[in-house]
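Single-structure report; data block below.
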Amino acid sequence: MGKKIWFLTGNLGKVKEAKQHLQKLGYDVEQLVVDVEITEPQADNIKAVAEAKITQALPHLPNENDMLLVEDAGLFIEHLNGFPGVYSAYALNTIGCNGVLKLLAHLESEDPVMNGQMRSAEFQAVAALWTGEGILFGNGICPGWISQKIDGEGGFGFDPIFIPFDLDAIGKPLAPGNYGETSTHGATFAAVELDKKQLFSHRMRALNDLISQL
Ligand code: IMP
């Protein structure tokens, strides 16, 4: 069994993704549930939110030799000046995926390249890890665009409306309209297998960035 990482999150979708990814790298990931409320500060960047959560959860780590992981993500839509961004969870719970589609309805185009440009958005993730000695941060970005309609049953959150840009042979995202080695072929994250999403995912990139610093 590898070194234990407790992942503070209420989102089982995130636990599944981190487990699947970090197990391959020799880490044993488990969800940390604490019986106190962890509050999110009003911050304009997701790094500050992640750091505040680590500080609050640290006293609740089951074993002081284990590591503590938190991760914060958001969907940043260019045409909406980065909204919902740090308010992504709130936006999902209130206007939801359909509300976001409505906000962009006037931008619809039949041309997928034009759509990719007009409806561009990115997921950003920050992973923060308490190592026992200090906090390490990893960053990840997944550029793409917002679909015209809800597509797919899998994933979570804004997955049903997010289509990632294709990736080249070394996993670098391409500009809209370019075909790459790795593609969802116009499908959203909710319409592809988890293995496929992981190739693009902001969270995987943030976790890789973090693990590379260990
Ligand atoms: P959180 O604060 O990191 O939990 O994320 C903020 C919001 O963004 C939540 O409502 C999530 O559902 C959404 N979100 C984060 N990551 C993803 C993702 O990979 N796909 C879809 N939605 C996501």
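Whatever order the structure lists ligands and atoms in, that order sets their numbers, starting from 1. Worth saying up front: this structure is predicted, and the values here are computed from it rather than measured.
- Geometrically, ligand 1 and Lys14 share a nitrogen or oxygen pair separated by less than 3.5 Å.
- The shortest N or O to N or O distance between Glu17 and ligand 1 is not below 3.5 Å.
- In terms of protein heavy-atom proximity, atom 15 (C) of ligand 1 is nearest to Ala73 CB, 3.6 Å.
- Protein heavy atom nearest atom 22 (N) of ligand 1, with residue, atom name and distance: Phe158 N, 2.9 Å.
- Atoms of ligand 1 lying under 4.0 Å from any heavy atom of His202, numbered from 1 in the order shown and given with element: 16 (N), 17 (C), 18 (C), 19 (O).
- Ion pairing of Glu30 with Lys19 is absent here, as no side-chain N (NZ or NE/NH1/NH2) approaches a carboxylate O to less than 4.0 Å.
- Residues Gly186 and Ile163 share a closest heavy-atom pair of O-CD1, 3.5 Å.
- Closest approach of Ala91 to Pro84, counting heavy atoms only: CB-CB, 3.6 Å.
- In this structure, Lys4 is not positioned above the aromatic face of Tyr27 in the sense of NZ or CZ being under 6.0 Å from the six-membered ring centre and within 45° of the axis.
- Regarding atom 10 (O) of ligand 1, its nearest protein heavy-atom neighbour is Ala89 CA, 3.2 Å.
- Ser88 and Leu75 get closest at one heavy-atom pair: OG-N, 2.9 Å.
- Note on Asp66 versus Lys3: no salt bridge recorded, every NZ/NE/NH1/NH2 to OD/OE distance being 4.0 Å or above.
- Looking only at side-chain heavy atoms (C-beta outward), Thr182 and Asp168 stay at 4.5 Å or farther from each other.
- Nearest protein heavy-atom neighbour of atom 17 (C) of ligand 1: Phe156 CE1, 3.4 Å.
- Atom 12 (O) of ligand 1 has Gly157 CA, 3.3 Å as its closest protein atom, hydrogens excluded (heavy atom only).
- A heavy-atom distance below 4.5 Å is not found between the side chains of Ile141 and Arg205.
- When only non-hydrogen protein atoms are considered, atom 8 (O) of ligand 1 lies nearest to Ser88 CB, 3.5 Å.
- With Asp72, Ile46, Val126, Asn93 as candidates, the residue nearest to atom 2 (O) of ligand 1 on a non-hydrogen basis is Asp72.
- Nearest protein heavy-atom contact of atom 20 (N) of ligand 1 is Asp159 OD1, 2.5 Å.
- Nearest heavy-atom pair across Phe7 and Lys14 is CE2-O, 3.6 Å.
- Residue Lys197 approaches ligand 1 through these ligand atoms, each under 4.0 Å from one of its heavy atoms: 18 (C), 19 (O), 20 (N).
- Of all the heavy atoms of Leu92, the ones lying under 4.0 Å from any atom of ligand 1 belong exclusively to the side chain.
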